[in-house]
Amino acid sequence: MKLYNTLTQKKETFVPIETGKVRMYSCGPTVYNYFHIGNARPFIVFDVLRRFLEYTGYEVTFIQNFTDVDDKIINRSHEEGISPGDVSEKYIQEYFTDADALGIKRASVHPKVSEHMPEIIAMIKTLEEKGLAYNVDGNVYYHVDAFKDYGKLSKQSIDDLKSGARIDVNDEKHSPLDFALWKKKKDGEPYWESPWGQGRPGWHIECSAMSKKHLGETIDIHGGGQDLIFPHHENEIAQSEGCCGKPFANYWVHNGYINIDNEKMSKSKGNFFTVRDIAKTFDLEAVRMFLLMAHYRSPVNFSEPLLQQAASALERLYTAKFQMAFLLENASAEIATEKEQAWIDSLVKYKNDFVAAMDDDINTADAIAVIFELVRDLNSNLDATSSQPAIIAGQNLFAELTTVLGLAVKDKETNLDEAVEDLIAQRQAARKAKDFKRADEIRDELLAKGIVLEDTREGVKWKKA
């Protein structure tokens with residue numbers, strides 16, 4: 001597998017630190033609100049990377065943090081009249097609600113900042129002892145000039161960064177690039193005891209400390225959105241490598257931006273969408289499909305018509321899945337014919353093409369194209385006369401490939417209540433008696449209940465509208 005490494009700015013063959021195992025960290029949400037469509041992209045991208053690594057045989061330890069100590073959380077606590085802790089716990093649960101609907105697997109560990117203060121404080125102390133941090137009246141800053149490799153991820157020199165930095169007249173920092181590791185307590189804010197007095201950590205230090213605790217001093221893959229390259233990930237490198245004296249991550253993987261109707265997403269422009277907003281109109285699996293239909297490093301333009309196209313594409317996958325289930329339920333032949341066996345053997349080409357696409361820097365766009373080629377083949381070669389082994393072979397490969405992407409994983413609901421089942425039976429009886437007016441009335445009645453009937457040559461099928 002090749003991954004584009006932001007650190008080296010080229011595709012590199014992935015070689016893990018430990019054979020057969022991958023240690024991977026991806027920046028999670030600051031839990032003060034529902035997450036937006038821009039947040040959803042890295043969550044989905046790194047979920048798929050993890051799934052593919054597991055599919056190819058790796059044992060993956062995947063860490064995605066929750067930032068539950070932050071100014072935004074404090075502000076939201078004032079707005080909602082509840083404690084910062086209650087705000088973060090509320091939105092952690094809301095995160096899981098939306099993440100589950102997007103098909104995102106739970107991380108191996110979801111560490112919280114509030115539960116890692118000893119590790120954070122210990123790392124800051126080490127940086128201070130090494131001359132990479134300094135204390136000014138309870139505020140501790142990272143001394144950027146003391147870390148010679150600063151800027152290596154974002155490809156910016158310290159001098160260039162300084163020339164573009166904002167300089168405050170009364171700034172207590174030694175350099176405008178220096179960033180906070182520990183912040184002195186302010187009235188009305190949560191705080192923790194530390195060697196520098198009461199306070200709370202800066203934003204960047206949390207990921208370094210939590211990654212070190214759960215994955216070790218050097219990890220295989222660190223992921224996040226392109227917007228995190230500078231300053232967040234640059235600062236993580238400075239902290240982690242300054243503390244441990246070792247490379248922090250061997251592969252840095254970043255996804256591209258999302259625009260809304262060809263404009264940057266912004267609350268002021270009124271084009272800011274949370275995933276929860278989108279869920280009012282679309283099944284969130286369609287969002288997953290939409291985002292995976294583009295290469296993760298490419299910018300994508302989000303719009304309702306494009307999302308509708310993704311929803312339609314997803315529906316085609318489900319139609320193929322349910323068609324095979326229907327055929328298998330009604331198949332009588334238990335042994336594949338010689339012709340069918342040759343066809344079954346030919347299916348391996350789709351698996352090989354799928355893996356080749358994913359091996360090429362997680363090219364989900366090409367991988368999805370392979371799945372649709374498979375679907376066309378399945379539709380052409382499976383029908384009411386097909387044997388059970390042929391149908392099962394198609395089902396298994398379809399499930400294998402779609403599961404890697406987290407698509408078309410839901411099962412068709414079969415627990416229609418008795419009233420709906422009775423209506424379907426009545427309609428069948430009306431059609432048999434050539435009472436087509438009554439049959440149409442029942443179809444309309446079922447449609448009003450959100451049930452769509454499809455009359456096919458294999459019989460009546462149904463789905464939710």
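- Counting heavy-atom neighbours within 6.0 Å of Glu400 CD, excluding the residue itself, gives a total above 12.
- Here the side chain of Ser77 pairs no donor or acceptor atom with the backbone of Ser83 at under 3.5 angstrom.
- Around atom NZ of Lys155, more than 12 heavy atoms belonging to other residues, nucleotides or ligands sit under 6.0 Å away.
- Ion pairing between a basic and an acidic side chain is recognised when a charged N comes within 4.0 Å of a carboxylate O; Arg427 and Asp444 show no such pairing.
- Closest approach of Val31 and Ile73 over heavy atoms only: O-CG1, 3.7 Å.
- Sequence neighbours left out, not one pair with a member in residues 325-349 passes salt bridge (Lys or Arg N to Asp or Glu O under 4.0 Å).
- Ile258 places none of its side-chain heavy atoms less than 4.5 Å from the side chain of Met265.
- Distance check, rounded to the nearest 0.5 Å: CD1 of Ile37 to CD1 of Ile260 gives 6.5 Å.
- Looking at Thr364, its side chain never comes within 3.5 Å of a backbone N or O of Ala367 through a donor-acceptor pair.
- A ring-ring contact (aromatic ring centres under 6.0 Å, His included) check over residues 273-299, counting only residues at least two apart or in different chains, returns the pairs Phe290-Phe302.
- With a 4.5 Å cut-off on side-chain heavy atoms, Lys351 and Leu397 count as touching.
- When all heavy atoms of Glu285 and Asp283 are compared, the pair lying nearest together is N-OD1, 2.8 Å.
- A distance-only check finds no donor-acceptor pair linking the side chain of Lys321 to the backbone of Phe398 [under 3.5 Å].
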For this session: Start with the C-alpha distance between Asp100 and Arg106, add both sets of side-chain angles, then the distance that settles salt bridge (charged side-chain N to carboxylate O under 4.0 Å, His left out), and finish with yes or no.
Result: CA-CA 8 Å; Asp100 289 348; Arg106 304 293 171 100; 2.9 Å; yes

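- Gln341 places no side-chain N or O within 3.5 Å of a backbone atom of Ala336 that could act as its donor or acceptor partner.
- Shown are Val113, Ile74, Asp70; of these, the side chain to side chain contact (heavy atoms under 4.5 Å, CB included) with Arg200 is made only by Ile74.
- Among residues at least two apart or in separate chains, salt bridge (Lys or Arg N to Asp or Glu O under 4.0 Å) pairs with a member in residues 206-228 are Glu119-Lys213, Glu217-Lys246.
- With a 4.5 Å cut-off on side-chain heavy atoms, Leu401 and Tyr55 count as touching.
- Under the 30°/60° scheme for interplanar angles, the aromatic rings of Tyr95 and Phe43 are found to stand perpendicular.
- Taking the side chain as every heavy atom from C-beta outward, Met1 and Ile362 approach each other to under 4.5 Å.
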For this session: Evaluate the side-chain contact (heavy atoms from CB on, under 4.5 Å) criterion for residues Trp203 and Asp71: first the C-alpha distance (whole Å), next the side-chain angles of each, then the deciding distance (0.1 Å), finally the verdict.
Result: CA-CA 10 Å; Trp203 174 37; Asp71 289 340; over 6 Å; no

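- Take Glu241 and apply the salt bridge (Lys or Arg N to Asp or Glu O under 4.0 Å) test, not counting sequence neighbours, and it matches Lys152.
- With hydrogens and angles ignored, the 3.5 Å screen pairs no side-chain donor or acceptor of Ser211 with any backbone N or O of Ser208.
- A donor-acceptor contact shorter than 3.5 Å is absent between the side chain of Gln156 and the backbone of Gly151.
- One finds the CD atom of Gln64 at 7.5 Å from the CD1 atom of Ile104 (value rounded to the nearest 0.5 Å).
- A donor-acceptor pair under 3.5 Å links the side-chain atoms of Arg51 to the main chain of Thr403, judged by distance alone.
- Between the Asn301 side chain and the Asp261 main chain, a donor and an acceptor come within less than 3.5 Å of each other.
- Scanning both residues, Arg41 and Ala294, for their nearest heavy atoms gives NH2-CB, 4.3 Å.
- Annotation: the span from Met293 atom CE to Leu307 atom CG amounts to 10.5 Å, rounded to 0.5 Å.
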Problem set entry | Steps toward side-chain contact (heavy atoms from CB on, under 4.5 Å) verdict (Glu94, Thr97) | CA-CA 5 Å; Glu94 299 294 1; Thr97 295; 4.2 Å; yes

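- We find the OG-CD1 distance between Ser88 and Ile82 to be 9.0 Å, quoted to the nearest 0.5 Å.
- The side-chain contact (heavy atoms from CB on, under 4.5 Å) test applied to Glu263 returns Lys269, Asn271, not counting sequence neighbours.
- By the neighbour-count criterion of 12 heavy atoms within 6.0 Å, atom NZ of Lys105 is densely surrounded, having more than that number from other residues, nucleotides or ligands.
- Below 30°, between 30° and 60°, or above 60°: for His110 and Phe66 the angle between ring planes is below 30°, a parallel geometry.
- In this structure, Cys27 and Leu228 approach most closely via the heavy-atom pair CB-CD1, 3.8 Å.
- The aromatic rings of Phe248 and Trp252 stand perpendicular to each other, their planes meeting at an angle above 60°, with 30° marking the opposite boundary.
- Using a 4.5 Å heavy-atom cutoff, the side chains of Leu53 and Met24 are in contact.
- Distance check, rounded to the nearest 0.5 Å: CG of Asp440 to CG of Leu447 gives 12.0 Å.
- With sequence neighbours excluded, the residues forming a ring pair (Phe, Tyr, Trp, His ring centres under 6.0 Å) with Tyr91 are Tyr34, listed by chain and number.
- Inter-residue side-chain proximity for Ile392 and Gln395 is flagged as met; some heavy-atom pair is nearer than 4.5 Å.
- Annotation: side-chain hydrogen bond (donor to acceptor under 3.5 Å, both in side chains) contacts involving residues 16-32, sequence neighbours excluded, comprise Tyr25-Asn65.
- Of all the heavy atoms in Met210 and Pro111, the pair that sits closest is SD-CB, 3.5 Å.
- In this structure, Lys72 places its NZ atom where only 12 or fewer heavy-atom neighbours from other residues, nucleotides or ligands lie under 6.0 Å away.
- Counting all heavy atoms, side chain and backbone alike, Pro247 lies closest to Thr218 at O-OG1, 2.6 Å.
- Note: Ile63 CD1 to His222 NE2 = 11.5 Å, rounded to the nearest 0.5 Å.
- Side-chain N or O atoms of Lys11 include none that pairs as donor or acceptor with a backbone N or O of Asp361 at under 3.5 Å.
- Residues passing the salt bridge (Lys or Arg N to Asp or Glu O under 4.0 Å) test with Asp366, sequence neighbours excluded: none.
- Residue pairs meeting the salt bridge (Lys or Arg N to Asp or Glu O under 4.0 Å) criterion with at least one partner in residues 367-382, sequence neighbours excluded, are absent.
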Exercise. Would Tyr4 and Gln9 satisfy side-chain contact (heavy atoms from CB on, under 4.5 Å), going step by step from the backbone distance to the final call?
Worked result: CA-CA 7 Å; Tyr4 183 86; Gln9 295 190 324; 3.4 Å; yes

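- In this structure, the side chain of Asn39 engages the main chain of His36 through a donor-acceptor pair within 3.5 Å.
- In this structure Arg288 satisfies the salt bridge (Lys or Arg N to Asp or Glu O under 4.0 Å) test together with Asp47, sequence neighbours excluded.
- Residues passing the salt bridge (Lys or Arg N to Asp or Glu O under 4.0 Å) test with Glu79, sequence neighbours excluded: Arg76.
- Among residue pairs with one or both ends in residues 338-395, none qualify as ring-ring contact (aromatic ring centres under 6.0 Å, His included); sequence neighbours excluded.
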